[in-house]
Amino acid sequence: MAVATQSLEELSINSIRFLAIDAVEKAKSGHPGLPMGAAPMAFVLWDRFMRFNPKNPKWFNRDRFILSAGHGSMLQYALLYLFGYDSVTIEDIKQFRQWESKTPGHPENFMTAGVEVTTGPLGQGIANGVGFAIAEAHLAAKYNKPDANIVDHYTYVILGDGCNMEGVSGEACSFAGHLGLGKLIALYDDNHISIDGSTDVAFTEDVSKRFEAYGWHVQHVENGNTDLDAIAKAIEAAKAVTDKPSFIKVTTTIGYGSPNKANTAGVHGAALGTDEVALTRKNLGWEYEPFVVPQDVLNHTHKAVERGAGYESEWNKAFADYKAKYPQEAAEFERYLSGKLPDGWDKVLPTYTPEDKGLPTRKHSETCLNKLSAVLPELIGGSADLTHSNLTELKGKGDFQKGQYQNPNIHYGVREHGMGAIVNGIALHGSGLIPYGATFLIFTDYMRAPIRLSALSQAGGIWVMTHDSIGQGEDGPTHQPIETLASLRAIPKLTVLRPADGTETSGAYKVAIERAKANAPTLLALTRQNVPNLAGTSIEGVAKGGYIVVDSDGTPDIILIGTGSELSLAVTAAEKLTAEGKKVRVVSLPAWDLFDAQDAAYKESVLPKAVTKRLSVEAASSFGWHKYVGSEGATVSIDTFGASAPGNVVLEKFGFSVDNVLAKAKELLG
């Protein structure tokens with residue numbers, strides 16, 4: 001076909017295709033096939049339906065777009081460039097996949113304005129989208145009035161075959177169907193190709209029937225390559241369905257336009273090659289040089305800038321009217337969006353003395369959550385079918401269910417992986433909500449991807465993990481974490497807190513809430529068993545990650561270091577050693593990364609280099625403790641799997657007793 005015969009929409013769609021082709025070709029790395037096939041549905045969505053402001057990518061009431069099939073990232077970068085976002089220039093597109101580029105290999109929300117979430121691991125994006133839709137539904141139910149809709153936007157997701165194969169998408173989409181999230185619309189790029197070739201080798205189920213069974217509204221666009229009106233009608237129909245999420249299967253050809261590589265795995269994850277690029281240009285009638293977009297296309301797509309300014313202006317006026325009529329609700333809503341915490345919010349966190357009854361730290365966590373919810377209504381979350389074990393219910397607040405979206409207690413069901421990605425979506429929605437998700441610590445193995453992504457993508461959620469050691473007891477080694485703490489501590493920018501008693505649990509929540517507002521995740525590891533309240537613990541000490549709980553007169557002979565439920569063993573052992581004339585310091589180290597971030601002088605004041613006799617006590621792997629105990633120190637730890645028995649018996653049998661800590665300390669002291 002000749003260029004002159006192409007409509008403006010065809011030119012625009014081919015602009016997306018060739019920006020992707022040229023960028024991948026220049027980088028000699030990337031995935032051109034998806035952008036080439038999905039360009040029509042993406043263009044129709046952005047051009048005809050989505051409400052956004054390119055000059056203010058964070059405008060609150062924008063429609064959200066998530067490219068769950070993140071390997072096709074050039075689709076999103078091309079859209080951002082064409083529709084007038086300043087974050088992606090043509091030079092950025094030329095730097096696709098290069099060092100410090102704003103166009104990395106997979107979309108990164110912290111790198112590129114207009115990218116809502118970090119996608120790459122398949123299925124995470126659509127699950128994040130469920131979180132976005134939950135956040136929108138919750139805020140709309142809380143703040144909209146019969147005469148004022150200040151929260152009213154859609155979440156659109158493009159997902160692929162790989163996303164639909166991943167289990168996380170099934171967990172999250174099943175939950176979305178149960179909740180009836182009508183503002184969630186997913187477009188499935190049904191191209192039948194994955195890295196191994198035709199999906200027939202591994203994936204032959206009827207995906208549409210699966211989504212019908214989930215409770216979604218399902219449609220099929222049979223020709224997603226050229227039938228733009230069918231795509232538009234499907235989106236219109238999806239928007240008209242308000243009581244179900246919508247799934248639109250759009251059948252496309254991966255690598256559309258490539259004469260020799262279309263509909264093959266060869267166009268999925270590799271550049272077309274010089275010769276095939278030339279043939280594709282000829283086949284699609286594209287007579288422009290690499291990275292050149294026709295001015296008529298830019299004139300058309302840049303109209304989104306004026307439209308977006310208008311959308312935001314209309315919303316600002318509507319919000320001003322809302323503020324005049326409903327000042328209290330508006331003030332709270334504005335505080336959410338500002339990311340600020342109310343003055344004195346942390347004063348509700350309790351402290352304890354040794355005279356107070358010893359309780360599990362999971363019980364202290366329940367107290368903290370409920371006291372915080374009274375002053376922080378932005379708290380929203382729940383457990384993966386373990387509410388009454390994790391103790392995460394906000395009492396009297398009601399359950400988040402279809403038709404009851406204003407309530408903050410979310411029952412995720414047995415869906416740890418989906419829960420994790422949904423929590424990230426709520427956190428990244430940009431509305432100031434503080435989400436939390438809970439399960440047993442061992443089951444973080446089921447949700448490692450979203451926990452890692454929470455740290456990578458700066459998602460300020462709180463992971464509430466209980467039953468944190470072999471002290472869990474009778475359920476046995478499948479439920480008893482050993483290496484879990486070490487592996488979680490290894491995740492960059494994730495703060496792992498293992499509080500020792502009630503006061504430290506309050507300190508952990510103070511850290512977690514402040515980090516959530518700073519767009520950073522925190523994981524709390526909490527006990528099932530009772531722990532005593534200790535005299536030397538403090539909220540302020542927890543914020544430093546490590547601090548002195550018990551000290552000696554003069555330079556100590558030995559330092560005992562404990563976390564969580566084992567800190568009390570160290571304290572009692574220290575009392576006995578002191579009675580025998582030894583100088584003993586006890587250090588609580590609830591958050592390694594926070595302690596490591598302190599200045600050298602503070603760290604030296606807590607763990608002086610001159611004191612080489614050090615003993616750590618933690619009912620978990622010894623891995624990583626060498627950094628704190630040094631070459632002359634030792635650990636009371638566990639480097640094998642646990643056993644099934646009452647928790648106190650298991651702890652005793654594996655050496656977590658005052659007598660064993662004393663024996664190890666005396667061995668070090670010689």
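For the atom pair CG (Asn191) and CE (Met36), the distance works out to 12.0 Å, reported to the nearest 0.5 Å.
Other residues, nucleotides and ligands place no more than 12 heavy atoms under 6.0 Å from the CD atom of Glu306. Environment of CD in Gln295: crowded, with over 12 heavy atoms of neighbouring residues, nucleotides or ligands closer than 6.0 Å.
Between the side chain of Glu171 and the main chain of Tyr412, no donor-acceptor pair closer than 3.5 Å is present. Side-chain N or O atoms of Asn109 include one that pairs as donor or acceptor with a backbone N or O of Ser457 at under 3.5 Å. Of the possible donor and acceptor atoms, none in the side chain of Trp46 sits under 3.5 Å from a partner among the backbone N and O of Thr301. The main-chain N or O of Ala39 is never found under 3.5 Å from a side-chain atom of Arg17 such that the two would form a donor-acceptor pair. The backbone N or O of Glu378 sits less than 3.5 Å from a side-chain atom of Tyr336, completing a donor-acceptor pair.
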* Could you please spell out the steps behind the ring-ring contact (aromatic ring centres under 6.0 Å, His included) verdict for Phe60 and Phe333? => CA-CA 11 Å; Phe60 168 74; Phe333 184 73; 5.2 Å; yes
* Verify ring-ring contact (aromatic ring centres under 6.0 Å, His included) between His417 and Tyr446, making sure each step is shown before the conclusion. => CA-CA 6 Å; His417 198 179; Tyr446 279 168; 8.7 Å; no
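Taking the six-membered ring for Trp and the full ring otherwise, the centers of Tyr311 and Trp315 sit at least 6.0 Å from each other. Proximity of the aromatic rings of Tyr154 and Phe49 is defined here by a centroid distance below 6.0 angstrom, and this criterion is not met.
Under the 3.5 Å distance criterion, with hydrogens and angles disregarded, a donor-acceptor pair is assigned to the side chains of Glu108 and Thr118. Under 3.5 Å, the side chains of Asp189 and Thr252 contain a donor-acceptor pair of N or O atoms. In this model, no donor atom of one side chain and acceptor atom of the other lie less than 3.5 Å apart for Thr103 and Asp92. Neither side chain, Gln124 nor Asn128, offers a donor N or O lying under 3.5 Å from an acceptor on the other. Side-chain N/O atoms of His268 and Ser194 include no donor and acceptor closer than 3.5 Å.
Using a 4.0 Å cut-off between charged nitrogen and carboxylate oxygen, Lys493 and Asp593 do not count as a salt-bridge pair.
For residues 117-128, the set of pairs meeting the salt bridge (Lys or Arg N to Asp or Glu O under 4.0 Å) definition, not counting sequence neighbours, is empty.
The aromatic rings of Phe247 and Phe211 lie parallel to each other, their planes meeting at an angle below 30°, with 60° marking the opposite boundary. Using cut-offs of 30° and 60° on the angle between ring planes, the pair His300 and Phe43 is tilted.
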